[in-house]
> 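I have a structure I would like to understand better, so I am pasting it below and will then ask my questions one at a time.
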Amino acid sequence: SLELAVLEGRIRIGLGQLDRARELFDQVLSREKNNLDAQFALAELDVASGRRRNAALKYLETLRIRPDSQQALLALAVLNEDAEPAEARRYLEMALRYHADDPQVRYAAARSALQHGEPSRAESHLQAALSLRPGFLDASLLLAQVRLVQGRPAEAASATGAPKLARAKS
């Protein structure tokens, strides 16, 4: 089946058998041109091979097939972070528009906001992520970091759920 071929291709990537993985994904796409799993897997393969430009083109093809693809939007945001920050932000905003109720999207938006010197915006996204997924460890840790940057160490500790330590009596 096509799903098994994509799965085998992903396994081949993990084993370092990139040429065989590419063959499998190409076979799937020759049978089903708009197979999102194979299209996305080819993009991941290009990232693994250091061909970021090709990967970006494949992620864009994924968006042509499915404009609200969370994976493609977040992948394009990450790929463009360093070279094209305005493009990265555009993809992140699209992901937020389509997937505002997804804690992973909110977490990605928080990381971006923090990188761009917007700790208040980052905090807002992290609070949303944590309300959507209580106990989201990465979001809790990043929220603690944001609060430390803002000079709020007591709130930083509470963000991680760390118990308050009693002061030792002298």
Side-chain angles (χ1 to χ4, degrees), residues 3 6-7 9-11 13-14 36-167:
E3 291 91 14
V6 171
L7 178 60
R10 289 184 183 278
I11 292 169
I13 290 173
L36 289 175
D37 291 332
Q39 190 70 35
F40 201 82
L42 272 173
E44 290 174 335
L45 178 61
D46 281 335
V47 169
S49 302
R51 297 178 355 204
R52 295 169 59 97
R53 177 119 173 92
N54 284 354
L57 292 172
K58 287 181 177 66
Y59 290 132
L60 288 170
E61 178 63 17
T62 299
L63 290 180
R64 186 192 64 72
I65 297 166
R66 187 167 157 223
D68 67 342
S69 171
Q70 175 190 346
Q71 286 180 303
L73 290 167
L74 291 179
L76 283 163
V78 169
L79 279 177
N80 285 291
E81 262 176 356
D82 296 328
E84 298 288 338
E87 277 296 291
R89 263 196 121 112
R90 187 172 73 87
Y91 290 118
L92 199 48
E93 292 300 323
M94 289 171 66
L96 281 166
R97 188 172 345 122
Y98 289 120
H99 306 283
D101 290 339
D102 186 298
Q104 197 63 42
V105 171
R106 290 301 195 126
Y107 176 75
R111 287 178 46 123
S112 174
L114 194 56
Q115 277 186 318
H116 291 95
E118 301 175 64
S120 296
R121 189 166 178 241
E123 183 172 9
S124 174
H125 285 301
L126 291 166
Q127 288 172 335
L130 287 165
S131 72
L132 293 164
R133 187 190 307 159
F136 184 178
L137 182 60
D138 289 341
S140 295
L141 294 174
L142 191 57
L143 181 58
Q145 180 182 346
V146 167
R147 289 177 175 170
L148 281 173
V149 166
Q150 293 176 320
R152 297 162 40 205
E155 291 178 64
S158 70
T160 64
K164 291 184 180 181
L165 300 175
R167 287 188 175 183

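Only this structure's heavy atoms are used, side chains among them; waters, hydrogens and symmetry mates stay out.
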> Working to the nearest 0.5 Å, report the span between CD of Q145 and CG of L114.
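One gets 5.5 Å once the value is rounded to the nearest 0.5 Å.
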
> Report the C-alpha distance between Q104 and H99 in whole Å, list the side-chain angles of each, state the deciding distance to 0.1 Å, and finish with yes or no for side-chain contact (heavy atoms from CB on, under 4.5 Å).
CA-CA 9 Å; Q104 197 63 42; H99 306 283; over 6 Å; no

> Could you note down all residue pairs passing salt bridge (charged side-chain N to carboxylate O under 4.0 Å, His left out) where residues 75-88 supplies at least one of them, sequence neighbours left out?
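Residue pairs with at least one partner in residues 75-88: E87-R90.
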
> Would you list the pairs meeting salt bridge (charged side-chain N to carboxylate O under 4.0 Å, His left out) in which at least one residue belongs to residues 137-148, sequence neighbours left out?
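As it turns out, the salt bridge (charged side-chain N to carboxylate O under 4.0 Å, His left out) pairs with a partner in residues 137-148, which skip direct neighbours, are E123-R147.
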
> Return the minimal non-hydrogen interatomic distance between L126 and V146, and the atom names on each side.
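Heavy-atom minimum between the residues: CD1-CG2, 3.9 Å.
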
> Any chance you could measure D68, atom CG, to Y98, atom OH, to the nearest 0.5 Å?
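The CG atom of D68 sits 6.5 Å away from the OH atom of Y98.
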
> Show the nearest heavy-atom pair for residues A109 and L92, with the distance to one decimal.
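Residues A109 and L92, closest heavy atoms: CA-CD2, 3.6 Å.
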
> How far does CD of Q70 sit from CG of L96, to the nearest 0.5 angstrom?
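The CD atom of Q70 sits 10.0 Å away from the CG atom of L96.
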
> Given side chains that start at C-beta, do those of Y59 and L74 come closer than 4.5 Å, heavy atoms only?
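Not touching, per the 4.5 Å side-chain cut-off.
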
> Which atoms form the tightest heavy-atom contact between A129 and R106, and what is the distance?
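Between these two residues, the closest heavy atoms are CB-CB, 3.8 Å.
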
> Which pairs pass salt bridge (charged side-chain N to carboxylate O under 4.0 Å, His left out) with one or both residues in residues 91-101, sequence neighbours excluded?
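Passing the test, one end in residues 91-101: E93-R121.
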
> Is there a side-chain contact between L73 and L63, using heavy atoms and a 4.5 Å cut-off?
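Heavy-atom side-chain distance check passes, below 4.5 Å.
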
> Per the ring-ring contact (aromatic ring centres under 6.0 Å, His included) rule, what does the pair list look like for residues 107-147, sequence neighbours excluded?
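Checked against ring-ring contact (aromatic ring centres under 6.0 Å, His included) - neighbours excluded - the pairs reaching residues 107-147 are Y107-F136.
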
> Can you list everything that forms a side chain to side chain donor-acceptor pair (under 3.5 Å) with Q115? Sequence neighbours excluded, please.
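If we apply the side chain to side chain donor-acceptor pair (under 3.5 Å) test to Q115, skipping adjacent residues, there are no hits.
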
> For A122 and A113, work out which heavy atoms get closest and say how close.
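The pair with the smallest heavy-atom distance is N-CB, 3.7 Å.
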
> L148 versus P153: any side-chain heavy-atom pair under 4.5 Å?
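In contact.
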
> Less than 4.5 Å apart, any side-chain heavy atom of E118 and any of S112?
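The answer is no; the side chains never approach within 4.5 Å.
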
> Could you pull out the closest heavy-atom pair between S140 and L130, with the gap in Å?
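Between these two residues, the closest heavy atoms are OG-CD2, 3.4 Å.
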
> Name every donor-acceptor pair, under 3.5 Å, that has one atom in a side chain of residues 37-49 and the other anywhere in the protein, sequence neighbours excluded.
{"unit_1": "E44", "atom_1": "OE1", "unit_2": "R10", "atom_2": "NH1", "d": "2.3"}
{"unit_1": "D46", "atom_1": "OD1", "unit_2": "R22", "atom_2": "NH2", "d": "3.0"}
{"unit_1": "D46", "atom_1": "OD1", "unit_2": "R51", "atom_2": "NE", "d": "3.4"}
{"unit_1": "D46", "atom_1": "OD1", "unit_2": "R51", "atom_2": "NH2", "d": "2.9"}
{"unit_1": "D46", "atom_1": "OD2", "unit_2": "K58", "atom_2": "NZ", "d": "2.8"}
{"unit_1": "S49", "atom_1": "OG", "unit_2": "L45", "atom_2": "O", "d": "2.9"}

